[in-house]
Amino acid sequence: MNEQIGELNPPDRLMLTPGPSSIHPRVYRAMSSKMVGHNDPWFVSMVMNEVQVLLRQVFRTENRITFPISAAGSGGIEAAMVNPLEEGDEALICVNGTFSQRMADIAERARARVTPVSAPYGRAVDPEDVRRAGKGKKVKIVGVTHGESSTTVASPIEEYRKVADELGAILVVDCVSTLAGMPVDVDGTPIDICFSGTQKALGAPPGLSPITVGARAEEILRSRKTKVQSWYFDLTTTMNYWGKERTYHHTPGIPLIYAFREALRMVMEEGLEASWERHRSNHHAFIAGIEAIGLKPFVTDPARRMMTVTAIEIPEGIDGKKLQKQMLDEFDIEIAGGLGPLKGKIWRVGIMGYTSQRKNVLLVLAALEKALSDQGFRVPAGAGVAAAIRFFSETRAATAVK
Ligand SMILES: *Cc1c(COP(=O)(O)O)cnc(C)c1O
């Protein structure tokens, strides 16, 4: 017995990061339910079906291929790239941050001919640039990241859909940080391949990447000349387990699927539109608060801001890391810094899923004010909280998370 290693006792954090976000007690309870085997009749005929029914509702799709991949969100990017792409295929990838860059990198590793269509960090890629980049090429996929959470830019999916149609390409969309927090309509748009992550606005633990594949993309997968290089991420064989046959492919994280089922149930209990509205309202209250404090949102165009994660410019003379540490030590609140070229330049605050609640907006604004004024930043006392209160008073009550 090792005396130094005691029972696990995690601190009680409020996770206001771009993921993972804190999860609801109902989701914890579901996760600690009794294990069964991945071939158990109850699991394969009940739980898996229910997860797929709910997931189709959240994606707004009737796609046959709709299931959670056993992987983090990045596994969703991987699957969405390696399945449709074969050596030499043309891929146009919109790159405006870390995660869209990751998509381009993975497409390149799949030996596609990748044309990155870039925008400066903090902006969405101009659909006209995508159109121009595709001229005269036989483009197979247009890839875009809906909520680029490294910069907190939201891209207008419908506009890339139009361009993909003109180019005869399929549209692949990363909705890891937006599904359930911002409008996503897989069949309505339509999006040919769409994937997400469970630990963001869906309010479940990390470890699953839900994906859905439309008929046109499925046809591309079935008519491949070569096998998908990755055995684990081959969607057509994984579908043997999540499809009618339910034949063994790999052992999924059963407790994660329990948790995800409960999180999906909660999204549909509230209603998708109500969930989008709750995120929208709390985002606007937070923006009102930080602006009243004298902070600037990194994304200057309000129409391009994500409703789930907000990047804030770190003001001159403020130590960003030190502030994050104080938020954690003094208030048990975790916020994130910038990634890559934005390291040290921005903070990122995720208010999504279970954490998208009025009380958290007020709490994080108060904590920010305290930590900023401790570093000598002149904040009119209570200004951020007051602005958020004003916003809430003028807005009809947002749906409460029970
Ligand atoms: C978080 C995130 C990912 C990566 O998810 P992981 O679970 O960390 O692999 C991918 N894309 C976007 C847009 C994200 O926000």
Side-chain angles (χ1 to χ4, degrees), residues 15-23 59 68-82 93-107 109 116 119 121-125 143-157 160 171-184 186 191 193-212 230 232-233 252-253 256-257 259-260 263 279 283 298-299 304-311 334-340 342 346-353 355-356:
M15 287 179 284
L16 301 181
T17 66
S21 41
S22 301
I23 63 181
F59 268 130
I69 299 174
S70 307
S74 302
I77 314 181
E78 190 101 24
M81 291 295 115
V82 303
I93 310 293
C94 300
V95 176
N96 61 340
T98 304
F99 294 106
S100 43
Q101 181 62 53
R102 190 171 294 180
M103 187 187 274
D105 291 346
I106 294 172
R109 287 178 186 220
Y121 279 22
R123 301 236 209 100
V125 169
V144 58
T145 302
H146 184 208
E148 177 46 88
S149 45
S150 66
T151 65
T152 70
V153 166
S155 289
I157 301 300
Y160 307 98
L171 180 69
V172 179
V173 182
D174 175 341
C175 288
V176 173
S177 53
T178 49
L179 190 65
M182 288 181 73
V184 173
V186 167
I191 303 170
I193 302 179
C194 187
F195 58 90
S196 189
T198 41
Q199 77 274 31
K200 311 224 177 175
L202 287 165
L208 293 173
S209 175
I211 194 165
T212 186
S230 164
Y232 191 69
F233 287 113
L256 288 181
I257 294 175
F260 185 38
H279 285 81
H283 164 79
F298 177 67
V299 180
R304 290 286 168 266
R305 287 181 192 147
M306 290 168 67
M307 299 294 130
T308 47
V309 190
T310 304
E334 187 190 0
I335 65 167
L339 291 174
L342 293 173
I346 57 168
W347 294 298
R348 294 175 303 146
V349 180
I351 302 178
M352 57 183 161
T355 71
S356 173

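When a ligand or atom number is given, it counts from 1 through the structure's own listing order.
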Going by the order shown, which atoms of ligand 1 are within less than 4.0 Å of some heavy atom of [X]?
X	result
A72	6 (P), 7 (O), 9 (O)
S74	4 (C), 5 (O), 6 (P), 9 (O)
G147	13 (C)
S177	13 (C), 15 (O)
T145	13 (C)
G73	5 (O), 6 (P), 7 (O), 9 (O)

Please list the nearest protein heavy atom to [atom] with its residue and the distance rounded to 0.1 Å.
atom	value
atom 11 (N) of ligand 1	D174 OD2, 2.7 Å
atom 10 (C) of ligand 1	F99 CD2, 3.3 Å
atom 8 (O) of ligand 1	Q199 NE2, 4.0 Å
atom 15 (O) of ligand 1	S149 OG, 2.4 Å

Within-shell test, [X] vs ligand 1, heavy atom, strictly < 4.0 Å:
X	answer
K200	yes
E148	no
P206	no

Report yes if some heavy atom in the side chain of [X] is under 4.5 Å from a heavy atom in the side chain of [Y]; otherwise report no.
X	Y	value
V173	Y160	no
L202	P210	yes
T198	P68	no
E78	S209	no

Quiz item: In Å, rounded to the nearest 0.5 Å, how long is the span from OG of S149 to CG of L339?
Solution: 8.0 Å
Exercise. With rounding to the nearest 0.5 Å, note down the distance linking OG1 in T355 to CD1 in I23.
Key: 12.0 Å
Practice problem: For T178 and M306, work out which heavy atoms get closest and say how close. | Solution: CG2-CE, 4.4 Å
Quiz item: Can you name the nearest heavy-atom pair linking T308 to S177, along with the distance?
Solution: OG1-O, 2.9 Å
Quiz item: Hey, is CZ on R304 packed in by over 12 heavy atoms from elsewhere, all under 6.0 Å?
Solution: yes
Exercise. Indicate yes or no: does an N/O atom of R102 lie under 3.5 Å from an N/O atom of ligand 1?
Key: no
Quiz item: Is G75 in polar range of ligand 1, meaning some N or O pair under 3.5 Å apart?
Solution: no
Quiz item: Taking atom types as modelled, is there a side-chain donor on E148 or S100 under 3.5 Å from an acceptor on the other?
Solution: yes
